[in-house]
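This one's a predicted model, so the numbers in the text were calculated from it and none came from an experiment. Values reported hereafter were calculated over all heavy atoms of this structure, with side chains retained and with hydrogens, waters and symmetry mates removed. Numbers restart at 1 for each chain; the letters A, B, ... are given by sequence-line order, proteins then strands.
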Protein chains: 2
Amino acid sequence: MAQSTAQERNLRPSADATRERILAAALDLFSERSFEGATTREIAARAGVTQPLLNYHFKTKDELWRAAVDGLFDELDAALTARQEGLRGVDDLTVARLLIREFVHFSATHPQLHRIITQECKNDSPRMDWLVERHIRRNYDAVTAIFERLVAAGHVPNIPAPHLYYILTGAGPTMFVLAPECRRLAGIDPEAPEVVDAHADAVIELIFGHRAEERT
Amino acid sequence: MAQSTAQERNLRPSADATRERILAAALDLFSERSFEGATTREIAARAGVTQPLLNYHFKTKDELWRAAVDGLFDELDAALTARQEGLRGVDDLTVARLLIREFVHFSATHPQLHRIITQECKNDSPRMDWLVERHIRRNYDAVTAIFERLVAAGHVPNIPAPHLYYILTGAGPTMFVLAPECRRLAGIDPEAPEVVDAHADAVIELIFGHRAEERT
DNA sequence: GATGATCCTAATCAATTGATCAGGAAACAG
DNA sequence: CTGTTTCCTGATCAATTGATTAGGATCATC
């Protein structure tokens with residue numbers, strides 16, 4: 001006979017659902033307020049639970065931070081991997097343009113990603129060590145390898161890959177990371193799909209220029 | 001008869017010298033650790049004084065933050081104003097290239113600037129309100145006006161000025177803001193003058209491309 | 001010489017923080 | 001029906017934080 005889960009039967013609250021609500025609240029507050037600026041009381045309130053429950057699900061505040069960041073990078077990896085898989089057989093230049101578009105879109109829908117990165121990687125600390133070795137290095141290696149091939153093929157100006165990496169890492173996400181400032185200064189909503197598309201267009205235009213179009 | 005100051009006569013410590021040491025320590029720690037992450041005890045220790053002295057010179061932690069940030073923007077304004085004054089009569093394109101170079105260099109020698117901006121402008125708060133209205137808006141207006149003229153003259157691709165502003169604000173400083181990460185990932189020192197020059201070259205190359213050179 | 005001002009530290013405080021503990025409610029297993 | 005497990009909250013704790021207070025040392029002024 002088919003058996004439904006406790007959650008499906010609308011019985012005792014599922015730990016999984018509560019954990020996910022806590023992780024989502026944690027990610028938002030850690031990225032907006034910093035690790036120290038986000039208190040466990042505020043995270044609990046945002047998740048709709050009491051403060052000691054955080055310690056029930058995650059041993060320490062630091063462990064909660066790591067779990068929240070793991071989930072975020074898992075999502076990024078899944079998005080880029082899926083995109084890249086779907087582009088097998090496509091030429092390097094087109095792939096790169098589309099991956100950058102995907103990256104800008106992911107940055108727009110997940111501004112927490114670069115908020116966390118810029119927050120944790122500005123000074124040496126255990127959290128930066130963990131973040132770089134567990135998540136960032138893999139992306140850095142992949143992105144610089146792609147840029148090296150593009151430079152060699154003449155698709156991108158002769159700029160060292162590390163510089164291209166940091167130019168992209170800055171140019172792509174900053175408008176979305178600073179969305180509150182952008183709304184206030186420019187009076188535009190960085191979350192609007194047409195704004196995100198325009199930004200992806202602009203970043204791609206500046207990195208690749210009209211080179212592919214010149215070839216046509 | 002010429003009278004020397006107490007400080008010149010090496011007598012009682014000058015309040016000004018102590019204030020400057022406190023401001024420098026505050027700027028470094030606020031930008032590296034966030035407002036909440038930087039404790040008044042750590043700032044005092046870095047400045048070589050005791051914690052209550054911060055309250056003697058600055059009424060509150062928030063007032064100390066504002067004074068530290070004021071000093072930083074004063075320095076930026078002075079640098080850009082002096083540079084711009086020296087370029088009167090030079091054509092728009094050359095001025096823009098040189099101002100961007102100056103901006104990248106300032107970002108390299110003052111990574112605190114964009115650490116503070118990215119930290120405070122990711123969510124609405126009184127500190128962001130103050131920062132935007134007192135300092136950032138003036139720069140935003142000036143930079144977007146320059147970009148609008150450059151686009152109209154065909155020197156820069158037809159990209160809306162707000163997008164160009166955030167692309168520049170991201171591409172220029174990020175390598176220096178994330179200097180500890182960059183050392184660890186890329187094995188290069190973002191503070192090295194040749195690295196700073198290469199980065200300025202790269203940013204200028206991507207924004208302006210070979211357009212000016214094509215005209216020659 | 002007395003008094004006031006300046007620059008500073010040690011001690012202290014109230015409030016807040018992250019974590020722990022006791023225990024309740026409800027579902028599950030036998 | 002009883003005991004166990006799970007998920008959770010209220011109360012509490014030690015440590016930390018930003019700010020306040022008392023007072024010392026030294027210089028300036030009268």
Please identify each residue that fulfils side chain to side chain donor-acceptor pair (under 3.5 Å) with [X], with sequence neighbours left out.
X      : answer
A:R19  : none
A:H110 : A:E75
A:D141 : none

Practice problem: Counting heavy atoms from C-beta on, name the nucleotide in C:dC7, C:dT9, D:dC8 closest to the side chain of A:H57. | Solution: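 The answer is D:dC8, which lies nearest to the side chain.
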Quiz prompt | Per B:T50 side chain, nearest of listed nucleotides D:dC8, C:dT9, C:dC7 | solution =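 Of the options given, the side chain of B:T50 lies nearest C:dT9.
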Quiz item: A:F58: what forms a ring pair (Phe, Tyr, Trp, His ring centres under 6.0 Å) with it, not counting sequence neighbours?
Solution: none
Can you tell me the distance, in whole Å, between the [atom1] atom of [X] and the [atom2] atom of [N]?
X     : N     : atom1 : atom2 : answer
A:D16 : D:dT6 : CG    : C1'   : 13 Å
B:Y56 : C:dC8 : OH    : C1'   : 8 Å
B:R19 : C:dT6 : CZ    : P     : 14 Å
B:F58 : C:dC8 : CZ    : C1'   : 15 Å

Self-check item: Per-nucleotide protein contact string for nucleotides 14-21 of chain C (B base, S sugar-phosphate only, - none; heavy atom under 4.0 Å)
Solution: ---BBBB-
Exercise. Among residues two or more places apart or on two chains, list those pairs meeting side-chain hydrogen bond (donor to acceptor under 3.5 Å, both in side chains) that have a residue in residues 114-123 of chain A.
Key: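 Listed once each, the pairs are A:E120-A:R127.
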Quiz item: Do the rings of B:F176 and B:H199 sit parallel, tilted or perpendicular, given the 30° and 60° boundaries?
Solution: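 Ring orientation, 0 to 90° scale: perpendicular.
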